[in-house]
Amino acid sequence: MPELENRRERLEFNKLQKRLRRHVGRAIADFNMIEEGDKIMVCLSGGKDSYAMLDVLLNLQKTAPVNFELVAVNMDQKQPGFPEHILPEYLQSLGVPHHIVEKDTYSVVKEVVPEGKTTCGLCSRLRRGTLYGFAEEIGATKVALGHHKDDIVETLFLNMFYGGRLKAMPPKLRADDGRNIVIRPLAYCREEDIAQYAEYKQFPIIPCNLCGSQENLQRQAIKQMVREWDKKFPGRSENIFAAITRVSPSQLADRDLYDFESLELDRSTPSAVERPDHSIQRQVNSWEPEDAQEVEPQYIEALNL
């Protein structure tokens with residue numbers, strides 16, 4: 001029986017690993033995330049997502065259609081009790097080039113943010129600014145972050161509910177100053193798959209003592225909302241993510257995005273109701289494993305009447 005269980009676990013692990021590699025490969029290809037000669041700075045936080053991102057990228061690097069370099073970077077924010085030895089030892093065991101950037105943002109956050117308030121926003125901005133500067137310093141052409149599909153969907157609702165803006169996290173982004181390109185290779189990956197993968201691989205997870213213990217965070221509320229939706233209506237979060245990739249500016253109300261003022265009648269051609277072909281065609285590219293076969297979900301599009 002133990003042998004059978006081990007075989008089952010190995011089979012499940014192989015399926016999971018292939019699925020993650022397929023999703024990462026598709027995201028890289030769809031958004032041209034990695035190009036010939038790129039030096040990718042992989043940002044490691046010590047959490048499951050960034051560990052999984054590095055692991056999958058290291059695997060894809062062996063068979064990728066382009067040559068690229070990976071360098072892992074962790075930012076030591078001087079949180080009390082932070083186990084400084086874990087990440088360097090792990091990266092050394094993999095033989096991955098790495099840097100530890102030391103920056104005491106912990107003190108800044110604790111000084112500026114009132115007790116009990118969410119620290120994540122300021123913490124992430126300070127961390128991002130430091131990492132962007134370091135990317136330039138080491139000559140990195142891309143900065144890889146470990147945000148996954150669930151993060152992107154949750155961010156969409158965070159911005160809608162609390163910021164009054166329709167935006168999320170793009171899989172590929174140029175920084176506002178134009179000096180860095182950010183990529184999110186896990187953009188097509190689900191958090192539950194990443195969590196299971198991290199458990200299989202037994203990554204040395206480092207908890208965040210700065211904000212991880214805070215309760216009732218806005219993101220946690222959104223996460224619970226989406227999770228409940230998925231339980232009641234399976235596939236809903238997948239449809240929400242699909243909507244982010246299929247935007248119709250003329251069906252929204254952003255006057256900067258679409259020129260509503262200049263709309264004019266055009267009756268120069270005969271009236272005809274023709275339904276376009278909405279089938280989703282999947283292109284298999286060399287970033288994906290050869291045995292990657294997946295049925296795309298079908299989406300129902302409402303008629304604009």
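Taking every heavy atom of both residues into account, L91 and H98 meet most closely at CD1-CB, 3.4 Å. Contact detail for P185 and L145: the closest heavy-atom pair is CD-O, 3.7 Å. Of all non-hydrogen atoms in T245 and A242, the two that sit nearest each other are OG1-O, 2.7 Å. Heavy atoms only, all atoms of each residue included: Q61 and E69 are closest at NE2-CA, 4.0 Å. Shortest non-hydrogen contact noted between G46 and Y51 is O-CE1, 3.3 Å. Between L131 and M41, the shortest heavy-atom contact is O-CE, 3.4 Å.
Here the straight-line distance linking atom NZ of K231 with atom CZ of R236 works out to 14.5 Å at 0.5 Å rounding. N180 CG to E136 CD: the interatomic distance, rounded to the nearest 0.5 Å, is 5.5 Å. In this structure, CD in E228 is found 11.0 Å from CZ in F233, a value given to the nearest 0.5 Å. Expressed to the nearest 0.5 Å, how far CD1 of I205 lies from CD1 of I86 amounts to 9.5 Å. The line from OH of Y200 to CG of D55 is 14.5 Å long, rounded to the nearest 0.5 Å. In this structure, the separation between SG on C43 and CG on D49 is 13.0 Å, given to the nearest 0.5 Å.
Side-chain N or O atoms of E154 include none that pairs as donor or acceptor with a backbone N or O of R219 at under 3.5 Å. No side-chain donor-acceptor contact under 3.5 Å links S248 to the backbone of S250. Although no hydrogens or angles enter the test, the distance criterion places a donor-acceptor pair under 3.5 Å between the side chain of K172 and the main chain of N32. Using a distance-only test at 3.5 Å, with no hydrogens or angles considered, no donor-acceptor pair links the side chain of S50 to the main chain of G146. When atom types are taken as modelled, the side chain of S93 and the backbone of Y90 share a donor-acceptor pair closer than 3.5 angstrom. In this structure a side-chain-to-backbone donor-acceptor pair under 3.5 Å is present from D151 to H148. Checked by atom type and distance alone, the side chain of N6 never pairs as donor or acceptor with a backbone atom of R8 at under 3.5 Å.
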**OP:** Run the numbers on T141 and I181 for side-chain contact (heavy atoms from CB on, under 4.5 Å), then give the verdict.
**Re:** CA-CA 7 Å; T141 55; I181 297 291; over 6 Å; no
Subject >> Verdict with supporting geometry, R184 and F31, side-chain contact (heavy atoms from CB on, under 4.5 Å) >> reply: CA-CA 10 Å; R184 296 182 169 97; F31 294 92; over 6 Å; no
Original post:
Stepwise, does the side-chain contact (heavy atoms from CB on, under 4.5 Å) test hold for E199 with Q196?
Top reply: CA-CA 5 Å; E199 186 175 344; Q196 187 178 3; 5.6 Å; no
**OP:** List the steps, then state whether side-chain contact (heavy atoms from CB on, under 4.5 Å) holds for K39 with I138.
**Re:** CA-CA 9 Å; K39 183 175 184 178; I138 64 174; 4.3 Å; yes
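For the pair V101/N74, no side-chain contact is recorded, criterion being any heavy-atom separation below 4.5 Å from C-beta on. Using a 4.5 Å cut-off on side-chain heavy atoms (C-beta onward), T155 and N159 make contact. Within the 4.5 Å cutoff, the side chain of Q17 has no heavy atoms near those of the L20 side chain. Side-chain contact between D230 and E192 is absent, with no heavy-atom pair separated by less than 4.5 Å. Inter-residue side-chain proximity for V143 and I183 is flagged as unmet; no heavy-atom pair is nearer than 4.5 Å. Looking at heavy atoms from C-beta onward, L57 lies in side-chain contact with I34 at the 4.5 angstrom threshold. The closest side-chain heavy-atom distance from F68 to M33 is not below 4.5 Å. Two residues are said to be in side-chain contact when any heavy atoms from C-beta on lie closer than 4.5 Å; V226 and D150 fail this criterion.
Counting heavy-atom neighbours within 6.0 Å of Q202 CD, excluding the residue itself, gives a total of 12 or less. Under a cut-off of 6.0 angstrom, the local environment of CD in E35 is crowded, with over 12 non-hydrogen atoms contributed by other residues, nucleotides or ligands.
Checked against the 6.0 Å centroid threshold, Y162 and F157 do not count as a close aromatic pair. Aromatic rings from F13 and Y197 are positioned such that their centres are separated by under 6.0 Å.
In this structure, a donor-acceptor pair under 3.5 Å is present between the side chains of R190 and S237. A donor atom on one side chain and an acceptor atom on the other are not found under 3.5 Å apart for D177 and Y132.
Ring pair H99/F134 is perpendicular by interplanar angle, where above 60° counts as perpendicular and below 30° as parallel.
In terms of hydrophobic clustering, with Ile, Leu, Val, Met, Phe, Trp and Tyr side chains grouped at heavy-atom distances under 4.5 Å, Y258 and V247 are assigned to different clusters. Linking Ile, Leu, Val, Met, Phe, Trp and Tyr residues whenever their side-chain heavy atoms come within less than 4.5 Å leaves I100 and F203 in two separate clusters. Under the 4.5 Å side-chain heavy-atom criterion for grouping Ile, Leu, Val, Met, Phe, Trp and Tyr, L94 is connected to I206 within one hydrophobic cluster. Residue L252 is not grouped with residue F260 when hydrophobic side chains (ILVMFWY) are merged at heavy-atom distances under 4.5 angstrom, including chains of intermediate members.
Look at E238 and K149 and you find a salt bridge, because one of the NZ, NE, NH1 or NH2 atoms lies within 4.0 Å of a carboxylate O, short of that distance.
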